[in-house]
2 protein chains.
Amino acid sequence: MFRLAAKMDARSKLLDAALSVIRHKGYSASTVDELCSAAGVTKGAFFHHFKSKDELGVAAADHWSATTSAMFAEAAYHRHADPLDRVLAYIDFRKSLITGGLPDFTCLVGTMVQETYETAPDIRDACDRSISGHAATLVADIEAAMAERDMVATGLTAQSLALHTQAVLQGAFILAKAKGGADVAKSSVDHLRRYIELLFGRTPAA
Amino acid sequence: MFRLAAKMDARSKLLDAALSVIRHKGYSASTVDELCSAAGVTKGAFFHHFKSKDELGVAAADHWSATTSAMFAEAAYHRHADPLDRVLAYIDFRKSLITGGLPDFTCLVGTMVQETYETAPDIRDACDRSISGHAATLVADIEAAMAERDMVATGLTAQSLALHTQAVLQGAFILAKAKGGADVAKSSVDHLRRYIELLFGRTPAA
DNA sequence: CTCGCAACGTACCAACTAGTCGGTATCGAG
DNA sequence: CTCGATACCGACTAGTTGGTACGTTGCGAG
């Protein structure tokens, strides 16, 4: 039979709990027991669904990718006619997401990859898939915007600019965590927007 | 008597070891035992110098600040006559540091703050001091460059641009860790340079 | 209904964790 | 020399860690 999960099963509860707990405390400091109690599930259920803590880490990153990509796919910034407008609207959308508590708007995979890039290659790969996969959704629009302005000869690639947007966002989250507030992050996103406006020859707003 | 430390004492060895071990495995995953054996020191020495693991975390962040700030103070990028040239040379310098293995060029405090921003306020503050303090060393040059071009009215502040440079660097490190290579990071630093060139009305090189 | 299997729950363990505690070595002051 | 203080050692502990063993429940197939 197929698995429509009308009722939330232990696996889903664990994955959702993982997103929250790991974003609060980091991956290593998140214990299996804590993950279980946050999910309202016993340890037996945990190791029934995941062979190890690391396997949950991979699944959590994949779950994060699925959740966020669904959210961005539905977002309104795609509706602009001009490709550059879509890119700028994406940035604005990202900025609008920076609200509430730090664990609510920071990135799970950005946090996890810092702790696991050397010790858990599977998790690192899952984090890379998440970040690079999301960046890839921007490439087409950036490429179209570049083509309209024959910027191809500049040596600058759409792929590299797409990755740069993610770097700025990840860095903005780190600064926000260090300073304990969201303002720095928003300000950095403003700089990113201004960069793209300047790059594509549009006069910055403010 | 004053403490000239002709011979490396246990405290210094522990701090140096901490920089290395934590950059490899993150803060939480770095155990006290491992820190000790990496430093060639016993556990007794550890808890003689530090009341707790968290206290070492704070000391490690401070030690990182001291080490890096000494290095940047001596660097050649200060020697340019024009303030904007100094800022751009700083960026080039940062890019030139991105070589070798990932644990060698990534940032200790950027790694630590992600794991501890909620659970260990003392460590978070130490990380903030390190990042914000380093950013502050750029403010004067950015301000001078802005003044020369009467950019003050734009609402853009030197402080915010200085912090943005750090955000880009931190984000570049995360991307590098995710992709397992330094190239993404360098590319992001190139974007940062181009932004500043465009912002200050200088034609980008490549 | 029975069978079988996936989805859990409970009790448990070996290894590891941060931190302690009594002891020793060294060194400068008096 | 003695005295005291600082630096360091290493065995120990109480609690925690990821992971296991085994029992129970529920549910769809035949």
Side-chain angles (χ1 to χ4, degrees), chain A residues 1-18 21-22 24-61 63 112 115-116 118-124 126, chain B residues 1-18 21-22 24-61 63 112 115-116 118-124 126:
Chain A
M1 272 303 286
F2 18 117
R3 183 137 308 284
L4 271 182
K7 192 189 157 204
M8 190 97 144
D9 60 342
R11 187 187 160 90
S12 304
K13 284 195 282 187
L14 277 166
L15 288 174
D16 284 342
V21 176
I22 296 175
H24 274 271
K25 325 193 14 170
Y27 176 74
S28 304
S30 300
T31 69
V32 174
D33 283 309
E34 197 176 354
L35 259 0
C36 291
S37 71
V41 163
T42 62
K43 224 172 188 179
F46 185 103
F47 285 102
H48 173 72
H49 289 288
F50 307 102
K51 269 188 290 189
S52 66
K53 188 192 169 187
D54 276 12
E55 197 178 285
L56 169 100
V58 174
H63 184 229
M112 274 207 294
E115 301 179 62
T116 57
E118 269 217 340
T119 48
D122 290 348
I123 297 182
R124 195 211 57 186
Chain B
M1 272 302 287
F2 19 116
R3 184 138 305 283
L4 271 182
K7 192 188 154 205
M8 190 98 146
D9 61 340
R11 188 188 159 89
S12 305
K13 285 195 281 186
L14 277 166
L15 287 174
D16 284 342
V21 175
I22 296 175
H24 274 273
K25 324 190 18 171
Y27 176 73
S28 304
S30 301
T31 70
V32 174
D33 283 310
E34 196 176 356
L35 259 359
C36 290
S37 70
V41 163
T42 63
K43 223 169 187 181
F46 185 101
F47 285 101
H48 173 72
H49 290 288
F50 308 102
K51 268 187 291 189
S52 65
K53 188 191 168 187
D54 277 12
E55 196 178 284
L56 168 100
V58 174
H63 184 229
M112 273 206 296
E115 300 179 61
T116 58
E118 270 217 338
T119 49
D122 291 348
I123 298 182
R124 195 213 56 187

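We name chains A, B, ... by the order of the sequence lines, and we start the count at 1 in each one.
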Which of these nucleotides, D:dG18, C:dA18, C:dC8, is closest to any side-chain atom of B:Val32? C:dA18

For the pair made of CZ in A:Phe50 and P in C:dC8, what is the distance, rounded to whole Å? 11 Å

What is the separation between atom CG on A:Leu56 and atom C1' on D:dG19, rounded to the nearest whole Å? 14 Å

Which of D:dG19, D:dC8, C:dG19 is nearest the side chain of A:Ser52? It is D:dG19

Atom-to-atom span, CG of B:Asp33 to P of C:dG19 - whole angstrom: 12 Å

Just how far, in rounded Å, is P of D:dC8 from CG of B:Asp9? 6 Å

Closest approach of A:Glu34 to A:Ser30 (non-hydrogen atoms, all atoms of both residues): OE1-CA, 4.5 Å

Taking only the side-chain heavy atoms of A:Val41 (C-beta and beyond), determine which of D:dA7, D:dC9, C:dG9 contains the nearest atom. C:dG9

Measure from CG on A:Leu35 to P on D:dT17 and round the result to the nearest Å. 11 Å

Between C:dT10, D:dC9, C:dA18, which one does the side chain of A:Thr42 approach most closely? C:dT10

With side chains defined as the heavy atoms from C-beta onward, is the minimum distance between B:Val32 and B:Phe47 less than 4.5 Å? yes

Distance test, side-chain N/O of B:His48 to OP1/OP2 of D:dA7, below 4.0 Å: yes

Which whole-number value in Å describes the distance from A:Phe47 CZ to C:dT10 P? 16 Å

Nearest whole angstrom, please: distance from the P of C:dT20 to the NZ of B:Lys53. 15 Å

Need one value for B:Thr31: base, sugar-phosphate or nothing, where a base atom within 4.0 Å counts as base even if backbone is also close, heavy atoms only. sugar-phosphate

Starting the side chain at C-beta, find the nucleotide from D:dG19, C:dT17, D:dC8 nearest to B:His49. D:dC8

Quiz item: B:Lys43 side-chain donor-acceptor pair to C:dG19 base, under 3.5 Å: yes

What is the minimum heavy-atom distance between A:Thr42 and A:Cys36, and which atoms define it? O-SG, 3.8 Å

Are B:Lys53 and B:Tyr27 in a cation-pi contact, defined as NZ or CZ under 6.0 Å from the six-membered ring centre and within 45° of the axis? yes

What is the minimum heavy-atom distance between A:Phe50 and A:Leu14, and which atoms define it? CE1-CD1, 3.9 Å

What is the distance from OH of B:Tyr27 to C1' of C:dA18, rounded to the nearest Å? 10 Å

